[in-house]
Amino acid sequence: MRKFFVTGGAGFIGSAFVRLLLDEFPSCEVTNFDALTYAGNPDNLEGLDSLRHYFIKGDICDGDAVFAALAENTDAIINFAAESHVDRSIASADEFLRTNILGTQVLLDVARARGVKRFLQVSTDEVMGSLPDDERAFFTEDSPFRPNSPYAASKAAAEHLVRAAHHTFGLDTVITRCGNNYGPRQFPEKFLPLLLANALNDEPIPVYGDGLNVRDWIYVDDHCRAILLALEKGRSGATYNIGARNERRNLEIAKSILDQLGKSHSLIKFVKDRPGHDRRYAIDPTLVETELGWRPRESWESGLRKMIKWYRSHTDWLERVRSGAYREYYARQYGAEVGAP
Ligand code: NAD
Ligand code: DAU
């Protein structure tokens, strides 16, 4: 019986990964350890097989709690738990340093102490900074670390700790770095679900700066399949960049989603730019393709269709997460520029 310990499994990507594990390994056991911050949502775990999936509410910075929750002979820890939103890290970095850096070290220490066979760190392309607007420039596994936001810096620090645990203590580790995910259950502070939620409600869509920043988008289940391959077949100590060769400008995305929803482009509202806003991300996924045989299954069009369908049929989920604390965050982040959601 395979035993997996997933942290941050009540969030957007972690919950998709837990689903994938339960589908791929009919006799596995998954412990899902999550602090249920504003981004963690028990609704994301609806319908999971409670005989194989154990949810434990806990903080990855609490070594005793992690130690107690980790089953004997755990095959792998897959660390998704993080503070994940760049704008929040610009407003205040404290929680990012605590969870993303200290929390990762706690998990590495417990993994060693309990003899966990493999540790997979879910990282991000943002540790490599920003690329110029030049179609020949890509992030590779050898690109230097150049994190530009407190979020990116905290994820880079976590990568260094994972590398050190491998080098110094021989822990079997793998790091994956992915670009921008989209799909069901993404918290609407992030651009795509915010755009969708606002458009569905005929509310203004805040676009930072000139709207020409480029992100490299991947459907969440394709990302999860790549993580699973890296977990199963990745070389010990290796890093894999994951991307679907799908660069898009923010403004192009906003217009195309508005078109698909039959809404007017006049909903787009240019607002002041994000401080230090990275211009372009673009991933060269050659290594994960050639070494692990990974390919994305979704095209941008098919993935977007699935995402839009999910949000349209889960307006209750959306309204629940857009209430209370979200409204306060929204007012702080966008102020008078776009008004209340
Ligand atoms: P998310 O914000 O949706 O979910 C994060 C989860 O971690 C939440 O369930 C939250 O409750 C949990 N968490 C936060 N602090 C915790 C703590 N101290 N202890 C235990 N649990 C805690 O994030 P996401 O978008 O699903 O991202 C998951 C991971 O993937 C993150 O590590 C992120 O850096 C990385 N990543 C995200 C993207 C993306 O596009 N969203 C791309 C590349 C990498
Ligand atoms: O590249 C991977 C990263 O992608 C992950 O590591 C992060 O966890 C994830 O949040 C994401 O970071 P971004 O900063 O790229 O994502 P976000 O959705 O915040 O923004 C996407 C783009 O849209 C970016 O250029 C900023 C812009 N944007 C964002 C928001 C929230 C807007 O124009 N308006 C907005 O209101």
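Residues: numbered from 1 along the sequence shown. Start at 1 and go down the list; that is how both ligands and their atoms are numbered.
The heavy atom nearest to atom 13 (P) of ligand 2, out of those in E126, R279, Q186, is found in E126. The residue from Y334, F191, Y281 that puts a heavy atom closest to atom 36 (O) of ligand 2 is Y334.
Geometrically, ligand 2 and D278 share no nitrogen or oxygen pair separated by less than 3.5 Å. The shortest N or O to N or O distance between N250 and ligand 2 is below 3.5 Å. When only interatomic distances are considered, the shortest N/O to N/O separation between T124 and ligand 2 falls below 3.5 Å. In terms of polar-atom proximity, D125 is counted as a contact of ligand 2, with an N or O under 3.5 Å from an N or O of the ligand.
No donor-acceptor contact under 3.5 angstrom links the side chains of H223 and Y182, judged on distance only. In this structure, a donor-acceptor pair under 3.5 Å is present between the side chains of Y208 and D87. Under 3.5 Å, the side chains of N246 and R248 contain a donor-acceptor pair of N or O atoms. Judged purely by distance below 3.5 Å, without hydrogens or angles, the side chains of Y330 and E189 never pair a donor atom with an acceptor atom.
Considering every non-hydrogen atom in both L258 and S264, the closest pair reads CD1-O, 3.7 Å.
Under a cutoff of 6.0 Å and an axis angle of 45°, R2 and F25 form a cation-pi pair. Note that R177 lies in the cation-pi zone of F145, set by a 6.0 Å cut-off to the ring centre and a 45° limit from the axis. A cation-pi arrangement is found for R88 relative to Y38, the charged atom lying closer than 6.0 Å to the ring centre and inside a 45° cone about the ring normal.
Those atoms of ligand 2 with a heavy atom of V207 less than 4.0 angstrom away are 33 (O). Under a 4.0 Å criterion applied to the non-hydrogen atoms of H85, ligand 2 contributes the atoms 19 (O). Listed by number with element, the atoms of ligand 2 under 4.0 Å from a non-hydrogen atom of G179 are 1 (O), 2 (C). Those atoms of ligand 2 with a heavy atom of Y151 less than 4.0 angstrom away are 5 (C), 6 (O), 7 (C), 8 (O).
Judged by the shortest distance from any of its heavy atoms, Q333 lies outside the 4.0 Å radius around the atoms of ligand 2. Ligand 2 lies nowhere less than 4.0 angstrom from a heavy atom belonging to G209. The shortest separation from a heavy atom of H277 to ligand 2 is under 4.0 Å, placing the residue in contact.
By the 4.0 Å N-to-carboxylate-O rule, K233 lies too far from E291 to be salt-bridged with it. Taking 4.0 Å as the cut-off between side-chain N and carboxylate O, K57 and D34 do not count as a salt-bridged pair. Ion pairing of D75 with K3 is absent here, as no side-chain N (NZ or NE/NH1/NH2) approaches a carboxylate O to less than 4.0 Å. For the pair E203 and R322, the salt-bridge criterion is met [side-chain N within less than 4.0 Å of a carboxylate O].
Here R215 has side-chain heavy atoms under 4.0 Å from ligand 2, and that is the only part of it that gets that close.
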May I have the N/O to N/O pairs between ligand 1 and the protein that fall below 3.5 Å, each with atom names and distance to one decimal?
| from | atom 1 | to | atom 2 | distance (Å) |
| --- | --- | --- | --- | --- |
| ligand 1 | 2 (O) | S84 | OG | 2.7 |
| ligand 1 | 3 (O) | F12 | N | 3.1 |
| ligand 1 | 9 (O) | G11 | N | 3.0 |
| ligand 1 | 9 (O) | D34 | OD1 | 3.3 |
| ligand 1 | 9 (O) | D34 | OD2 | 2.5 |
| ligand 1 | 11 (O) | D34 | OD1 | 2.6 |
| ligand 1 | 11 (O) | L36 | N | 3.4 |
| ligand 1 | 11 (O) | T37 | N | 3.0 |
| ligand 1 | 11 (O) | T37 | OG1 | 3.2 |
| ligand 1 | 18 (N) | D59 | OD1 | 2.9 |
| ligand 1 | 18 (N) | T99 | OG1 | 3.0 |
| ligand 1 | 19 (N) | I60 | N | 3.0 |
| ligand 1 | 21 (N) | A35 | N | 3.0 |
| ligand 1 | 23 (O) | S84 | OG | 3.3 |
| ligand 1 | 26 (O) | F12 | N | 3.4 |
| ligand 1 | 26 (O) | I13 | N | 2.8 |
| ligand 1 | 32 (O) | F80 | O | 3.0 |
| ligand 1 | 32 (O) | K155 | NZ | 2.7 |
| ligand 1 | 34 (O) | Y151 | OH | 2.6 |
| ligand 1 | 34 (O) | K155 | NZ | 3.1 |
| ligand 1 | 40 (O) | N181 | N | 2.9 |

